[in-house]
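Shown next, in structure tokens, is the structure this report addresses.
When reading the values below, keep in mind they use all heavy atoms of this one structure, side chains included, and skip hydrogens, waters and symmetry mates. Each chain gets a letter, A, B and so on, in the order the sequences are listed, and its residues count up from 1.
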Amino acid sequence: MKFKTNNKIVLNHPVINDCLIFDLETDSLNTDEANIKFIGAYSYKNEKYYILSGKDIHKFQDLLNDHRILIGFNNKNFDNPILENNGFAINWKIVFDCYWVLYNPEKRKPNRKPIIKLKDGSILDSKAKTNSLRDISKALDFEVQKGDIDYKIFRKESWTKEEIKEIEHYLFHDIMLTRLLFEFYIDYFDTARDFVDDENISKLNYIRSSQGSFTYSGMCHECNLPVIFADGKKSEKYEGAFVLEADICRVDDGIYFDFTSLYPLLMTQCNLWSIAREGEPYWNGDDFFTTFGKYSINEMGVREKAVYKFYKQRKILKENKDPRELWIKIFLNALYGISSSPIFVSMFTPTTAKDTTLLGRQCLQYAVKIFNEYGLPVRYGDTDSCFVELNGHTKQYAMRIADLIVEELQEHFPFPVPEFQLKVDDFIKSIWFFGKKKFYIYINDKNKLVIKGLPIIKGNASMLGQKILDILKPQILENQDIKFKKVYIDGLVDKYLKEDIAVIGQIYNVKPITAYKGTSSIQAQISIAYGEGSYQFIANKKIGTIGKSKKYCTPEEARTLEVKDLCLDKFWNEITPFLYTK
DNA sequence: GCCTGGTGCATACC
DNA sequence: ACTGGTATGCACCAGGC
């Protein structure tokens, strides 16, 4: 069986010949008791595929001994422990788990999945619903796709010729898929190698690690600082951003402003990694701002210089459509996070993060004050941005005030840079607020509808809510209004519930039961009954084993329910922002 | 039985 | 191996009346 691959890039990687791709087929999903029935593998060194079974399985150790990097899909939590339980020695290997690259199941947080951009411009995170090899392969449009097999076949002790053929075909496909995914990573992250040192490259850390860790390596590399970690240390809690509470209102004609890279540029402009030595002249706010620390004003520090250099470099790379701009973008976003974490020894200074947020709050609050004073009411603000009502003034007027604000702020920075601006993010025709933070809807001057935060756009919104929103969206743009009559929505609800009562269902993502503190939470109940995973449930008053006050049943069980049995309160909460208030 | 406030959890915004 | 705080909504639970 042949398949295409981008040989040039693969051959160019300095450690490709250390790589061994593998996959196990076992008689159980429980790693403690699973026996290995088949092993599939591909060696880059030998340029060969392997399928081992029966008496030959032990020969896999020879392949292991011959390779430094072990590549699999979910091998960290599944294949590797099973290998060890079955007497294979792998403890010194570099574990490359194609699944962990996308998602960190321990922290229950996405890793690289949200930053992987596909050729059609979409993001892998939105194109692949789950992190399964099947969904990922589909989204990445691989020429080989995941096969199907009845897993009971692996519980047998012997197989017919046809069964062996089927198993080998299935296993071979899985190995090829893992190989394609691995090579996709090697290709996609190729330009990231420019930002890290040789050791990082040889361990493939620039692909495997979290974005914070990658940023740390990149900053250390740029600043000639050692990449060392301190373990066990937790960061102290400190205050974060300022969020301005919104009124319940609609505002027409306004501008959304935001500070350009607020946190990174505050760090550089205020030298926030460079604590002033005893007796040295220092900056601590210039009687305009307040700060926790005292910072050197003799010279911009190495870290600050590096951040500023990266910021300027990204601008140029972006203009030239150079893919390396993405890695700098990650640096700039993750910088503030790593600066607050003592584990990143070379980037940690105790006051850096809390002064970054403190100065950030003061910048935004100063902007709010000045806009208001100049007759431009600030209706909302969050961290580095604010929405300003034009109130009869021109856009140019508002933009001049924004420049004025920055000018005054920079008067008091020790190292002001011209890239720091209060820039227009969007010109807004109409915006709706709901008296809550982080919730708003607007239509911009290009007639684009933007919805932020509302329950209806969250992943755990009801299907019905999502469906009705899709119907409303074009009408919102046509009407230039988000409000609808209740009778109209009632009609849609009736129609969809009649078509399929399960449409009221919502998705619940649950962790393994061990991840929960107790057994009473709804997530723990689901986890006990169905195990880790993503499930749809219908809240109702009648059936289902999940739930104490409401009951939750599966879509199949819901077929016996009537509309009056359903709990629709979550749906109505989602849709309320779109209803006229009496 | 109803209300309240605290807590755990998921998911969003930045 | 290893980035942060702010915010909402939902469900559960204990304690008050």
May I ask you to say what [X] touches in the nucleic acid, namely base, sugar-phosphate or nothing, with a heavy-atom cut-off under 4.0 Å?
| X | result |
| --- | --- |
| A:Y380 | nothing |
| A:T357 | nothing |
| A:K438 | base |
| A:A353 | nothing |
| A:F344 | sugar-phosphate |
| A:F434 | nothing |
| A:F242 | nothing |
| A:Q211 | nothing |
| A:E574 | nothing |
| A:L454 | nothing |
| A:K548 | sugar-phosphate |
| A:Y516 | sugar-phosphate |
| A:N333 | nothing |
| A:N573 | sugar-phosphate |

query: Cation-pi between A:K113 and A:Y103: NZ/CZ under 6.0 Å from ring centre and within 45° of the ring axis?
result: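 Not flagged: A:K113 not positioned over aromatic ring of A:Y103.
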
query: For the residue pair A:F310 and A:F195, does the interplanar ring angle fall in the parallel (under 30°), tilted (30 to 60°) or perpendicular (over 60°) class?
result: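 Tilted, since the angle between the ring planes falls between 30° and 60°.
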
query: Just one of A:E419, A:E304, A:Q410 clears the side-chain hydrogen bond (donor to acceptor under 3.5 Å, both in side chains) bar with A:Q269, so which one?
result: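 That would be A:Q410; it is the only one of A:E419, A:E304, A:Q410 passing the side-chain hydrogen bond (donor to acceptor under 3.5 Å, both in side chains) with A:Q269.
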
Please give, in whole Å, the distance from [N] [atom2] to [X] [atom1]?
| X | N | atom1 | atom2 | value |
| --- | --- | --- | --- | --- |
| A:I526 | C:dC12 | CD1 | C1' | 13 Å |
| A:D97 | C:dC2 | CG | P | 12 Å |
| A:I330 | C:dC2 | CD1 | P | 14 Å |
| A:I451 | B:dT11 | CD1 | P | 19 Å |
| A:I228 | C:dA1 | CD1 | C1' | 16 Å |
| A:Y336 | C:dG5 | OH | C1' | 5 Å |
| A:K436 | B:dC13 | NZ | P | 15 Å |
| A:Y442 | B:dC13 | OH | P | 11 Å |

message: Any non-hydrogen side-chain atom of A:D79 less than 4.5 Å from a side-chain atom of A:F73?
response: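 No; the side chains remain at least 4.5 Å from each other.
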
message: Tell me if a side-chain donor or acceptor on A:N540 pairs with a main-chain N or O of A:I538 at a distance below 3.5 Å.
response: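 Indeed, once roles are kept as given, a pair shorter than 3.5 Å links the two residues.
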
task: Look at A:S210 and C:dT3 and indicate whether a side-chain polar atom (N or O) is within less than 4.0 Å of OP1 or OP2.
output: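 Result: yes.
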
- prompt: Is there a side-chain polar atom (N or O) of A:S549 under 4.0 Å from OP1 or OP2 of C:dC12?
  reply: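 Looking at the OP1 and OP2 atoms of C:dC12, one of them is under 4.0 Å from a side-chain N or O of A:S549.
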
message: Tell me whether the ring of A:Y216 lies stacked over the C:dT3 base, given a 5.5 Å limit on centroids and a 30° limit on the plane angle.
response: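 It does not: the two rings, one from A:Y216 and one from C:dT3, miss the stacking criterion.
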
message: Which nucleotide, if any, forms a Watson-Crick or G-U wobble pair with C:dT3, using both distances under 3.5 Å?
response: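 C:dT3 is paired with nothing.
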
Step-by-step side chain to side chain contact (heavy atoms under 4.5 Å, CB included) determination, A:F387 to A:Y442: CA-CA 11 Å; A:F387 173 77; A:Y442 71 76; over 6 Å; no

task: Report yes if the distance between the aromatic ring centroids of A:F344 and A:Y216 is under 6.0 Å, otherwise no.
output: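 Close enough - the centres of the two rings lie under 6.0 Å apart.
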
Of A:K437 and A:G337, the one whose closest DNA chain C nucleotide lies more 5':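 Of the two residues, A:G337 wins.
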
- prompt: Nearest of C:dA7, C:dC10, C:dG5 to any side-chain atom of A:Y552?
  reply: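 Looking only at heavy atoms from C-beta outward on A:Y552, the closest nucleotide is C:dC10.
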
